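Step one of this worksheet: look at the structure below.
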Amino acid sequence: MTGPFIRPRRLRQTPAMRRLVAETRLHPSQLVLPMFVADGIDEPRPISSMPGVVQHTVDSLRAAAHDAVDAGVGGLMLFGVPRAEDKDATGSAGDRPDGVLNRGLEALRADFGDETVLMADTCLDEFTDHGHCGVLTESGDVDNDATLRRYESLAVAQARAGAHVVGPSGMMDGQVAAIRDALDAEGFIDTTILAYTAKYASAFYGPFREAVDSSLVGDRRTYQQDPANRLESARELLADLEEGADMVMVKPAMSYLDIVRDVADRTDAPVAAYQVSGEYAMIAAAAERGWIDFDAAIDESVLSIARAGASIVLTYAAPEVARRLARR
Ligand code: PBG
């Protein structure tokens, strides 16, 4: 014997062999593109901390959505950015039918019908003047149950505007059950709930605050999860499934791949993971300095999120990743 008998490298010798034995295969339809639609702007506004990502007008939103769907992306997740003067304590611009998010949903549903999966962020933080995901008590705490009433109204407005999927991202207790009841009561029995099941209080949401012109002062640690905790996500998962979640989500993705794996192991429901603004920004910033190859790093990160157990990946790079996947 002159060398090792077992040679794992045999399976790595050609691109064709590597393709044959690949354990994780991504399809463009597994990717979801988060998009921002803003009120009171005449042309798309770049988000400086997220190169290549913009706040859209309704028209540019439609164009970008067509591009994403053409690329094979499986769904679109919409966030609304109201005018500053339309923000108030209860986030009323969120459930008004003429609120910018609902107008964006309506336009996209009219364009696409059922050709793509249209998702909406079901949360108040984009619409409140204090920037929190819920309404506040007099002492300034987030009022869980009063917030549920607002989420019910938001979800119904989004379903009415054309959302196939509502995505409650506020981490209030009982949000899935409340929204399910409200949707059913209005006849939206097929509107699907993508529950933000394990959403951590993360520094990686930094650029998103710019993306939605957030007014938040302070943090969200009384409602989003402590990054130290793992088992807590299993409890959140149980609650969401019992309350009627159709799909579940872990967020952020890259620093929480252990949680993605845990959740995937514990449920048969579709598991989504969200490569958030800060994850995208880190890669984009390093690439701008020539320190990292943007395409390769994004592709690898998305693949690793799928390998960890996500069957759906939300990423701001969805269209380009989808195009590269389709070429492979
Ligand atoms: C809340 C919401 C946030 C994100 C998605 N939904 C912000 C937050 O929780 O602070 C962050 C997404 C990202 O960073 O890309 N509506």
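Residues: numbered from 1 along the sequence shown. Order of appearance sets the numbers: ligands from 1, and atoms from 1 within every ligand. As the structure is a computational prediction, the values presented were derived from the model and not from experiment.
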**Q.** Contacts of type side-chain hydrogen bond (donor to acceptor under 3.5 Å, both in side chains), residue Ser311, not counting sequence neighbours
**A.**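 side-chain hydrogen bond (donor to acceptor under 3.5 Å, both in side chains) list for Ser311, sorted by chain: empty.
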Q: Kindly tell me which protein residues have any non-hydrogen atom under 4.0 angstrom away from an atom of ligand 1, grouped by chain and ordered by number?
A: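 Those residues closer than 4.0 Å to ligand 1 by some heavy atom are Phe79, Asp121, Cys123, Asp125, Glu126, Ser169, Lys199, Tyr205, Phe208, Arg209, Arg220, Gln224, Lys251, Tyr274, Val276, Ser277, Tyr316.
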Q: Just jot down the ring pair (Phe, Tyr, Trp, His ring centres under 6.0 Å) partners of Tyr151, sequence neighbours excluded, or say none.
A: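 If we apply the ring pair (Phe, Tyr, Trp, His ring centres under 6.0 Å) test to Tyr151, skipping adjacent residues, there are no hits.
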Q. Strictly under 6.0 Å, is that where the ring centroids of Tyr205 and Tyr200 end up?
A.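 Ring centres of Tyr200 and Tyr205 not closer than 6.0 Å.
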Q) What about Leu31 and Leu78, same hydrophobic cluster or not, with Ile/Leu/Val/Met/Phe/Trp/Tyr joined at side-chain heavy-atom distances under 4.5 Å? A)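 Different hydrophobic clusters.
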Q. Can Arg220 and Asp125 be counted as an ion pair, charged N to O under 4.0 angstrom?
A.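 The answer is yes: the pair qualifies as a salt bridge.
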Please report, to 0.1 Å, the donor-acceptor pairs under 3.5 Å made by any side chain of residues 15-23, with sequence neighbours excluded.
from, atom 1, to, atom 2, distance (Å)
Arg18, NH1, Arg12, O, 2.7

